[in-house]
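A short worksheet on the structure shown next.
So you know, we letter chains A, B, ... as the sequences are listed, proteins then strands, and number each from 1.
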There are 2 protein chains.
Amino acid sequence: MNLKLLLAEDDDDLRQTLVEALEMEGFDVYACVDAEEAIEAAENDRFDLALLDMIMPGATGIEAISNIVRSQPNIGIVISTAFGTVATAVDAMKKGAHEFISKPFDLESLVMTLKRVHAQRTTPPSLAGEKADKVFAALANPIRRQTLLKLMVHKRLRFMDLCRLVEVDNHTRFNFHIRQLKQASLVEQSESKVYFLTTEGKKLCASLFSEQN
Amino acid sequence: MNLKLLLAEDDDDLRQTLVEALEMEGFDVYACVDAEEAIEAAENDRFDLALLDMIMPGATGIEAISNIVRSQPNIGIVISTAFGTVATAVDAMKKGAHEFISKPFDLESLVMTLKRVHAQRTTPPSLAGEKADKVFAALANPIRRQTLLKLMVHKRLRFMDLCRLVEVDNHTRFNFHIRQLKQASLVEQSESKVYFLTTEGKKLCASLFSEQN
DNA sequence: TATAGCTGTCAATTTTTCTTATCATAATGG
DNA sequence: CCATTATGATAAGAAAAATTGACAGCTATA
């Protein structure tokens, strides 16, 4: 199964060379002469990876990132550049790029970089597993979400403190809900009975917050 | 309400200057002489921001990022450096840094950078809103999650095609579930009745996938 | 025209989730 | 020691979610 690569490179010779070489390496390459063409392609087709030249006439590779990521949030993006600065690198990463590669580059490095970026981006979907069932069922309830929120802020809390923070006046009601969070492995207790988020709980909560950006 | 800043800077004079100046700007500064101390502080206390010098004896600011982010996934991280390269910038961003600032810097720039990073990282918690209720309720069901997954892969699908992909043999059962996704604004239909993910649906799904990294 | 397939609505029924009451044990303070 | 508070388990009943069946309108094809 070939990886689909969206290539944007204004230098004709280099673009042709890359197409031929990368297709020999097993990529399905869709080549664009500029960023605008790449943006349009990303809206109409699905790609695993994008290799964008930073400096192109018209919109730059960096300017194209946001648009491409908007169309395809899971695409892996590599920026190629001869003149990289820290500021442009940071800007590109913030927009969604995953890796930089400096011109001139050898083909072997490029292929390895592309495959590594793809491997890192490809995540096995576990949305249907039994574990995911418990986690998502736990998240469906507002009391439980509030509980996670309070634990994010305060890190360690005792049962009744937490119950009062969440504003549930019936402790057995709260007990039922925090048991669901424990069974979903989002929350656990120390020996002294203090509640805190598990590592998985922290990651999930951070993701749900940062998702609001 | 002051922002809590974790500062790691091995240069004594600069560190003292920064502490005094930043506290005058309204930050609560916890100063560390090295990365190890900063890592430990992040495990024991909550911070809004971290300002880490890139080059320090022992572990570098960059090496500390992963540990700090693991303890506090929502912290805003700024790296200060006199010698930045594209490679180190990209590496730091991948580990979780949000911004670079080059030495020598003026205090005004630093403060603006810190506040901007914090403003971008602070997200209004909407885990308890009515809209969130619908979204999370929709995600609680395995059929609905599978539906989102299929739409991520195929982008546009007709009702019966989607129903068969999700392997639900009773179409009215599937209809009930896809209605819930529509009501949660995760999925919508074109005029030709084709189903596709909304922007919000795409972002949420991408977050849930990338969360598995 | 008749038939098959697609897509959708509505409501009765079933299943799952949540609330509440009761009870229990442990810990703390006067 | 006693009273109070904290924390937790269990089960019945209430509420919410999901399933299922009946029906409908639309489109395409023979």
- Message: So does A:Leu14 get a backbone contact from the side chain of A:Asp11, meaning a donor-acceptor N/O pair under 3.5 Å?
- Response: yes
- Note on the structure: So side chain to side chain donor-acceptor pair (under 3.5 Å) across residues 16-32 of chain B, not counting sequence neighbours, yields B:Asn2-B:Asp28
- Given atom CD1 of B:Ile178 and atom P of C:dG8, what is their separation to the nearest angstrom? 8 Å
- Task: Taking all heavy atoms of B:Ala140 and all of A:Ala137, pick out the closest pair and write down the distance.
- Result: CB-CA, 4.3 Å
- Message: Whether B:Tyr195 contacts C:dC6 is assessed here as follows: a side-chain N or O lying under 4.0 Å from the phosphate OP1 or OP2. Is that the case?
- Response: no
- Query: What is the distance from CG of B:Asp133 to P of C:dT17, rounded to the nearest Å?
  - Reply: 17 Å
- Whole Å only: how far is the CG atom of B:Leu181 from the C1' atom of C:dT7? 16 Å
- Message: Determine whether a donor-acceptor pair (N or O, by modelled atom type, separation under 3.5 Å) exists between the side chain of B:Arg156 and the backbone of B:Val194.
- Response: no
- Query: Which of these, B:Thr81, B:Leu7, B:Ile62, B:Ile68, sits in a side chain to side chain contact (heavy atoms under 4.5 Å, CB included) with B:Leu52?
  - Reply: B:Ile68
- Please list, by residue number, the residues of residues 184-193 of chain B whose heavy atoms come closer than 4.0 Å to an atom of DNA chain C; answer none if no residue qualifies. B:Gln189, B:Lys193
- Message: Counting primed atoms plus P, OP1 and OP2 as sugar-phosphate and everything else as base, spell out the protein contacts along nucleotides 16-24 of chain D at 4.0 Å heavy-atom distance: B, S or - for each nucleotide, 5' to 3'.
- Response: --BBBBB--
- Task: With sequence neighbours excluded, tell me which residues meet salt bridge (Lys or Arg N to Asp or Glu O under 4.0 Å) with A:Lys4.
- Result: A:Asp45
- From A:Leu110, A:Leu6, A:Ile77, residue fulfilling side chain to side chain contact (heavy atoms under 4.5 Å, CB included) relative to A:Leu51: A:Leu110
- Message: Within a 6.0 Å radius of atom CE on B:Met160, are there more than 12 heavy atoms belonging to other residues, nucleotides or ligands?
- Response: yes
- Please tell me if the side chains of B:Leu204 and B:Leu148 come closer than 4.5 Å, counting only heavy atoms from C-beta onward. no
Every protein N/O within reach of nucleotides 4-6 of chain D N/O, cut-off under 3.5 Å:
from: D:dA6; atom 1: OP1; to: A:Arg164; atom 2: NH2; distance (Å): 3.3

- Residues at least two apart in sequence or cross-chain that pass side-chain contact (heavy atoms from CB on, under 4.5 Å) with A:Thr172, listed by chain then number, are A:Asn170
